[in-house]
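Since the structure comes first, as C-alpha cells, the remarks are kept for the end.
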Amino acid sequence: MEGPDRTWESPDYEPSLPVSEKSNPLTRDIDQASAIGIVRMLQACDGQMFEEDTAVKYQRLLSKQVVQTLVEVAKRVELILKDPQDGLVVLSGCGTSGRIAFLVASRFSRRLKDVNQSSVYSYIIAGGDRALLSSQEAPEDDAKLGRLMLKEACEGKKRVVFIGVSCGLSAPFVAGQLDFCLRHPEVFTPVLVGFNPAHQARDEPIEGCTFTFGSVVQRMLELAQSQRAFIISPAVGPEAISGSSRMKGGSATKILLEVILSTAQAAAFSRAPLTETVTLQYLLAYKNAVDVTYSRTEQISTLVEAAGKSLRCGGRVCYLGWGTLAVLGLIDASECNPTFGADYEDIRGFIAGGYVELDNNEGPLTSLGPDFSISHEEFFRSVLPSLTDRDTVLLLYTHSDDLGEVAALARRVRERTSNLHAIYHRGGGDNAATDRQEVIDNLCSSTLKISWPSPQTRISVHMQWELSTKLLLNAISTGGHVLKGKVYRNHMVDVQVTNSKLYRRAARLLQKLSGHPKSQCEEALLKAIYQS
Ligand code: F1P
C-alpha cells in the first residue's frame with residue numbers, strides 16, 4: 001500500500017506560507033477531476049488529519065503532546081462543571097470557527113439541561129448570530145470588538161476557561177480576546193486552538209493594537225510552561241482548496257472541542273477517568289467516522305455529480321434537514337458565498353423547526369432578509385413552487401428523527417423534482433428497514449445510508465454522524481463548485497476579498513498566477529475591490 005504523501009511537510013515546500021495557507025499537492029489537479037476523482041482527493045486530504053507525526057517538525061492531531069494538552073484543558077473544564085457558580089466556558093471564533101463553536105456549545109448545553117445541570121457553555125462568533133448563516137468577514141479584523149464581546153459574555157464571572165479558535169492562528173478578533181484573558185489571569189484560563197505550529201502565527205500589525213497574533217502566542221507559550229495557558233495547534237495538512245479552513249480546519253475544530261467537553265463532562269458527572277488513553281480513544285473514534293464515511297466513495301460522487309450538474313445549469317441545491325445535521329447544512333450552505341462567490345440561492349439549508357430548533361443567542365433573524373429564512377415552511381413557501389429537475393434536493397436525517405415527517409416532505413418534493421437524494425444515519429446496530437424508510441428510499445433517486453455500530457467509547461454516536469455529514473456536505477458543495485469551474489487548480493478564484501487575511505491571500509494568488517511583482521498585483525487587486 002502506498003504511504004502518505006509528505007511533500008507539504010518539506011521545509012522547501014512553499015516555505016513562506018503557514019500550513020493552513022499552503023496548497024495541497026494531493027489536489028493540484030482537482031479542477032480537472034471527475035466527481036469520483038474529486039471525492040478520492042478529498043478522502044486523501046481528510047485522511048491527513050490523522051497521520052502520525054514524523055520527523056518532529058509538526059505536531060499532529062494524535063501526537064502525545066496534543067493529547068496531553070487536551071487532558072489538561074478538559075480538567076479545567078471539569079472544575080467549572082463541578083462548581084458552576086460564577087464559572088463559564090467560552091468557545092469563540094470567526095466564520096467557520098465561530099459556527100463550530102456555536103454547534104458544540106449548543107450541544108453540550110443541551111446535554112447539561114438533560115441531566116438538570118446549569119449551563120456553563122457559551123459561544124461567541126465575530127459579527128454576532130448573523131454570521132452563523134452568512135459571511136461576515138470584516139469583524140474578524142476587529143480585535144477590540146473581540147475583547148468587548150468576551151467582556152460582555154463573562155460579566156460577573158470569576159473563573160472562565162476561554163477557548164479561542166483561529167485555524168490559521170491569524171484572526172485579530174481572537175487575538176484581542178486572548179490578549180484580554182492574558183491581562184486578567186485571575187479570572188481567565190486562555191486556550192488557543194488552531195492548525196499551524198505556534199511559530200507560524202500571523203505577525204502582521206493589528207489596527208489600534210500594540211500586539212500581533214504572533215506576540216500573543218509568544219506570551220501564551222511562556223505561560224503554557226506553568227499550565228496557565230494552553231495551545232492546541234496540530235497541523236492537519238493543507239486544505240484541499242487552498243486556505244479553505246471550513247474543511248479540515250472546521251472538522252478538526254469540531255473534533256478537538258468535542259473531545260475536550262465530552263471527556264470533561266464524563267469525568268465530572270460519571271467519574272470516568274480523564275486520561276490520555278481515553279482521550280486518544282475518542283480521537284480514534286473520529287478517525288473511524290472519517291473512514292466509514294469515505295468507504296462510500298461511489299455514492300458520495302453521485303451526490304457531487306448531481307450538485308455539479310445543478311450548479312452548472314443555474315439550478316439550486318437545497319439541504320433539508322432535521323436537528324444538528326440540518327445545522328451542518330445551514331453552515332455548509334452559508335460558506336459557499338465567500339468561498340466560491342456563490343449566490344445564497346445556489347446552495348441553501350433549511351431546518352425543521354426553524355429558529356426554535358437552532359436555539360441561537362439572538363433568536364429569529366428572519367427580518368434580516370430572505371437568506372435568513374431557514375425553516376421547512378419557508379422552503380415550502382419560497383422554493384418548492386419553482387422547483388424543477390434542474391435543482392437537487394438532499395434530505396439529511398437520522399433514525400432518531402420523525403421518519404413519517406421525512407417521508408411526507410419527500411413526497412411533496414418528489415411531486416416537483418425527481419432529483420431527490422438522502423443522507424441517512426442509523427446506529428446502535430439497528431439495521432432493520434422500516435416501512436417508512438422504504439417509502440423514503442423509493443421516493444429518492446439515491447440514498448446514502450450509513451449504519452453505525454455502537455461506539456466503543458462513551459463518545460456520542462451523534463457526534464460521529466455530524467462529522468460524517470459535515471464531510472459529505474463539504475464534498476458536495478466543494479465538488480459541485482469545482483465541477484462548475486469555480487476553482488483554478490486548487491485555488492479559490494471567485495473568493496470575496498473582505499478582510500485582511502483574504503486580501504493577502506488574493507494578492508499572493510495574483511502574483512503566483514500572473515508572475516507580476518507584488519506592488520503591481522496589489523494595485524490591480526485594490527482597483528478590483530474599489531471598482532476603479
Ligand atoms: C476564520 C475565517 C474562516 C473562513 C475564511 C475567513 O478563519 O472566517 O472560517 O473560511 O477563511 O476566515 P480562522 O480565524 O479560523 O483561521
Checking R183 against D179 for the salt bridge (charged side-chain N to carboxylate O under 4.0 Å, His left out) test, could you report, in this order, the C-alpha distance in whole Å, the side-chain angles of both residues, the deciding distance, and whether it holds? CA-CA 6 Å; R183 286 172 200 270; D179 171 71; 2.8 Å; yes
State, yes or no, whether a side-chain contact exists between [X] and [Y] at a heavy-atom distance under 4.5 Å.
| X | Y | answer |
| --- | --- | --- |
| L471 | D46 | yes |
| T398 | W322 | no |
| R147 | K144 | yes |
| L311 | D346 | yes |
| S334 | L132 | no |
| L192 | F213 | yes |
| H481 | V487 | no |
| N490 | L26 | no |

What's the spacing between [X] [atom1] and [Y] [atom2] if we round to 0.5 Å?
| X | Y | atom1 | atom2 | result |
| --- | --- | --- | --- | --- |
| T469 | I423 | OG1 | CD1 | 6.0 Å |
| N474 | S251 | CG | OG | 6.0 Å |
| L256 | F195 | CG | CZ | 5.0 Å |
| D83 | R159 | CG | CZ | 4.5 Å |
| F379 | I351 | CZ | CD1 | 15.0 Å |
| E335 | S134 | CD | OG | 11.0 Å |

Minimum heavy-atom separation for [X] to [Y], with atom names?
| X | Y | answer |
| --- | --- | --- |
| R130 | F372 | O-CE2, 3.6 Å |
| C154 | V90 | SG-CG2, 3.9 Å |
| A333 | Y319 | N-CE1, 4.2 Å |
| S477 | F340 | O-CE1, 4.0 Å |
| R111 | S460 | NH2-CB, 3.2 Å |
| N24 | P238 | ND2-O, 2.7 Å |

Pair T324, R110 - check side-chain hydrogen bond (donor to acceptor under 3.5 Å, both in side chains), show working. CA-CA 12 Å; T324 49; R110 224 171 294 138; over 6 Å; no
Evaluate the criterion salt bridge (charged side-chain N to carboxylate O under 4.0 Å, His left out) for residue pair E378 and R381; output intermediate values, then yes/no. CA-CA 5 Å; E378 194 54 41; R381 200 188 61 74; 2.5 Å; yes
We want to know whether R508 and S242 form a side-chain donor-acceptor pair, criterion being a heavy-atom distance below 3.5 angstrom.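 Short answer, no.
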For [Y], does its backbone N or O pair with a side-chain atom of [X] as donor and acceptor, under 3.5 Å?
| X | Y | result |
| --- | --- | --- |
| H376 | G321 | yes |
| K248 | V236 | yes |
| D391 | G315 | no |
| T392 | S310 | no |
| Q177 | G146 | yes |
| D129 | E362 | yes |
| E522 | A507 | no |
| T339 | C336 | no |
| Y355 | S375 | no |
| N499 | D141 | no |

Given E137 and S135, is the side-chain hydrogen bond (donor to acceptor under 3.5 Å, both in side chains) satisfied, shown in steps? CA-CA 6 Å; E137 274 149 346; S135 150; 3.2 Å; yes
Please assess S233 against Y58 for the test side chain to side chain contact (heavy atoms under 4.5 Å, CB included), listing each intermediate value before the final yes or no. CA-CA 9 Å; S233 64; Y58 294 117; over 6 Å; no
Start with the C-alpha gap between K75 and E72, add the side-chain angles, then the distance that decides, and say whether salt bridge (charged side-chain N to carboxylate O under 4.0 Å, His left out) holds. CA-CA 5 Å; K75 284 182 183 163; E72 289 310 319; 3.6 Å; yes
Is R219 atom CZ crowded by more than 12 heavy atoms from other residues, nucleotides or ligands, each under 6.0 Å away?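 Enclosed.
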Tell me if the CD atom of E186 is crowded by more than 12 foreign heavy atoms within 6.0 Å.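 Yes, CD of E186 has more than 12 neighbouring heavy atoms, counting only those of other groups under 6.0 Å.
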Take F188 and F180, measure what ring-ring contact (aromatic ring centres under 6.0 Å, His included) needs, and give me the verdict at the end. CA-CA 9 Å; F188 290 94; F180 180 72; 5.5 Å; yes
Given the rule in the side chain to side chain contact (heavy atoms under 4.5 Å, CB included) test, do L261 and L91 qualify, once you have shown the distances and angles that lead to the verdict? CA-CA 11 Å; L261 302 196; L91 311 181; 4.3 Å; yes
Give the intermediate values and the outcome of side chain to side chain contact (heavy atoms under 4.5 Å, CB included) for residues S262 and M463. CA-CA 10 Å; S262 303; M463 296 193 299; 3.3 Å; yes
Among T253, D332, T96, the one residue meeting side-chain hydrogen bond (donor to acceptor under 3.5 Å, both in side chains) with R246: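 By the side-chain hydrogen bond (donor to acceptor under 3.5 Å, both in side chains) criterion, R246 pairs with just one of T253, D332, T96: D332.
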Test side chain to side chain contact (heavy atoms under 4.5 Å, CB included) on R60 and V66; report intermediate values, then the result. CA-CA 7 Å; R60 311 302 302 268; V66 170; over 6 Å; no
Before giving the answer on salt bridge (charged side-chain N to carboxylate O under 4.0 Å, His left out), spell out for R504 and E204 the whole-Å C-alpha distance, their side-chain angles and the decisive distance to 0.1 Å. CA-CA 11 Å; R504 294 268 164 258; E204 240 178 77; 2.9 Å; yes
Below 4.0 angstrom, N of the basic side chain to O of the carboxylate: do E140 and K501 qualify?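 Not counted as a salt bridge, because no side-chain N and carboxylate O are separated by less than 4.0 Å.
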